[in-house]
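The structure appears right after this line, and notes come after that.
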Amino acid sequence: MSVYYKKTERNDLGSVVENIFSDFNVNPTGTVFLKPNFSGRPPILGGENTSYEVLEAIVKNLVKRNCKIIIGHYALLSLNKSTFPFNQMLSVGGYDKLSKLGDVSFVNLEEQEHRLVKIRGLYIHIPKIIDEVDYFINVPKAKTHMETQVSLSIKNLMGLISGNSRKIFHKFFLNELLGYLGVHIKPNISIIDGLVSMEGDGPHEGTDKETGFIAAGNDLVELDSFIAHLMGFDYKQVVHINQAHKLGVGSFVDKNIIIKYQSELHDFKKPGDHMRFGRKIYFWPTTSCSLCHEVMRDIKKSLKKDIRLGLRFYYHAYFSKKKINIILGRCENMEYFKDDINICIGICTKWFADEHGIDFILGCPPSAEKVVDFMFNKIKE
Ligand code: SF4
């Protein structure tokens, strides 16, 4: 078996998981580690997080095999972890119920020991637990992604590395570095949850799409190139999939498989490179990590709470004489709009700001309050 794909109903997931294990001739025993895709922020959206039902079907199958199951995740991305801690995320998403199904525990990878690996001269922390378990199942979500085009089995591995390592990825060539994760982290199998996927400006601002499929594979490149194709992307143009292929992580999907599943093409709305507020304010995430995205979300919340601030913002959004660009991330392919008001947020933008003589606000990430002050001062100028 090379790749598995099936349109499925929720009540059929038990047999789908059994078929996947049997088709790939895998027989998980002992301690099994599951890595879902958890956004780590409220609300827990269907298209953003691995669904409870998919995890439940896998867990039930593993319980029948007398496995000890560890569900682990790192990416608790909310800025203020005290307002949405790991356990709360599990209970709000209903995932905590999984522990009632058998020997199931949850591990906040932030509290685990790590090993260091060197990727292109940069040190990345990878949790040791994934080397210690008997079996590792990667359970990503099918999503579009404004910075990486798609988020599938390779991208899901990023939720295993430490917060600082993730920041390093975003500061230096996110897409190329992602390809290396497949060299250093090797799940035994990946099972992609495409029951409800995300399209458009994923992974955070996209919209849910009912796609009703489950896909699986034991070759990260093959599986991701296959599903990226079904989502309507040219997988060879998806830098991290291409990079993983170049590094020998796996092979691109075979043409015969593409032909076989041609009728399963889903017309996913592609992610944009910017979002617009009103007529004049443009938000450019470039390669920003979720922390700077969260700052933007926090700003939106504070604009709703503080009516005066909100009115000021929307006045500029509609009546500013110049276009206002709010720029985040490393700006690798960012065009410089010299006649606009450009506002650079966070340390990642430093080189772009320096190159074009733009002031930028320091921080990784800077606080929402500082960004609001900075923004209004720049607009006033
Ligand atoms: S500056 Fe922002 S985008 Fe860059 S690593 Fe820090 S938090 Fe992430």
Side-chain angles (χ1 to χ4, degrees), residues 38-41 48 73-84 109-110 119-126 143 145-149 151 155-178 180-181 201-206 239-240 271-275 282-302 325-336 342-356 358-375 378:
F38 289 155
S39 65
R41 82 195 72 218
E48 196 176 2
H73 208 283
Y74 211 114
L76 293 175
L77 301 172
S78 293
L79 267 189
N80 187 348
K81 288 175 190 165
S82 61
T83 62
F84 199 59
L109 296 177
E110 214 161 327
I119 298 179
R120 290 191 41 185
L122 304 163
Y123 286 100
I124 304 299
H125 292 79
I126 294 179
K143 291 193 266 195
H145 197 293
M146 290 181 85
E147 288 96 46
T148 63
Q149 296 197 67
S151 174
K155 178 68 176 64
N156 195 42
L157 301 178
M158 202 157 157
L160 288 170
I161 65 174
S162 72
N164 280 338
S165 301
R166 285 199 308 277
K167 282 184 180 177
I168 288 174
F169 268 47
H170 284 275
K171 284 178 185 150
F172 304 94
F173 314 113
L174 167 70
N175 284 289
E176 282 83 359
L177 293 174
L178 267 177
Y180 285 85
L181 285 185
D201 293 338
H204 308 308
E205 310 292 338
V239 176
H240 70 273
D273 56 1
H274 68 274
M275 288 179 283
Y282 286 66
F283 164 68
W284 301 87
T286 73
T287 63
S288 156
C289 75
S290 300
L291 292 172
C292 267
H293 269 274
E294 276 300 289
V295 174
M296 292 297 127
R297 278 196 177 191
D298 282 356
I299 290 172
K300 274 206 242 167
K301 280 185 216 153
S302 51
N325 301 304
I326 300 174
I327 304 164
L328 320 170
R330 230 190 92 80
C331 311
E332 274 164 31
N333 301 310
M334 179 77 202
E335 185 181 344
Y336 172 53
N342 293 295
I343 298 170
C344 286
I345 310 286
I347 187 73
C348 281
T349 60
K350 183 179 183 327
W351 75 267
F352 182 80
D354 286 351
E355 188 167 301
H356 300 293
I358 308 167
D359 285 342
F360 77 101
I361 183 162
L362 203 62
C364 183
S367 71
E369 298 75 43
K370 275 193 185 159
V371 173
V372 169
D373 282 350
F374 182 76
M375 241 165 50
K378 295 302 328 162

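Atoms within a ligand are numbered from 1 in the order they appear, just like the ligands themselves.
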*asked:* Can you confirm whether the side chains of Ser39 and His204 place a donor and an acceptor under 3.5 Å from each other?
replied: no
_Contact with ligand 1 for Leu328, non-hydrogen, under 4.0 angstrom_ = no
_Any heavy atom of Pro366 closer to ligand 1 than 4.0 angstrom?_
no
*Does a sphere of radius 6.0 Å around NZ in Lys350 hold more than 12 heavy atoms from other residues, nucleotides or ligands, not counting ones at 6.0 Å or beyond?*
no
*asked:* Counting backbone and side-chain atoms alike, is an N, O or S atom of Cys289 positioned under 2.8 Å from atom 8 (Fe) of ligand 1?
replied: yes
*asked:* Could you identify the single nearest non-hydrogen protein atom to atom 6 (Fe) of ligand 1 and state the distance to 0.1 Å?
replied: Cys364 SG, 2.4 Å
*Nearest neighbour in protein (non-hydrogen) for atom 2 (Fe) of ligand 1*: Cys292 SG, 2.4 Å
*asked:* Could you tell me if the side chain of Leu174 sits less than 4.5 Å from the side chain of Arg330, heavy atoms only?
replied: no
*Is there a side-chain contact between Lys155 and Leu178 (heavy atoms, below 4.5 Å)?*
yes
Please could you name the atoms of ligand 1 that [X] approaches to less than 4.0 Å, counting only its heavy atoms?
{"X": "Ile347", "result": "1 (S)"}
{"X": "Gly363", "result": "1 (S)"}
{"X": "Ser288", "result": "3 (S)"}
{"X": "Leu291", "result": "7 (S)"}
{"X": "Pro365", "result": "7 (S)"}

_Between Cys348 and atom 4 (Fe) of ligand 1, is there a contact where an N/O/S atom of the residue lies under 2.8 Å from the metal?_
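It does: Cys348 brings an N, O or S atom closer than 2.8 Å to atom 4 (Fe) of ligand 1.
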*asked:* Using only atom types and a distance under 3.5 Å, with no angle test, would you say the side chain of Ser151 pairs donor to acceptor with the backbone of Lys143?
replied: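 It does not hold such a pair.
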*Looking only at heavy atoms, what is the nearest atom pair of Cys364 and Lys167, with distance?*
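For Cys364 versus Lys167, the nearest heavy atoms are O-NZ, 2.6 Å.
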*Nearest atoms (heavy-atom pairs only) where Pro285 meets His274*: CD-CA, 4.3 Å
*Audit row: Lys370, Asp373, salt bridge (Lys or Arg N to Asp or Glu O under 4.0 Å) steps and yes/no*: CA-CA 5 Å; Lys370 275 193 185 159; Asp373 282 350; over 6 Å; no
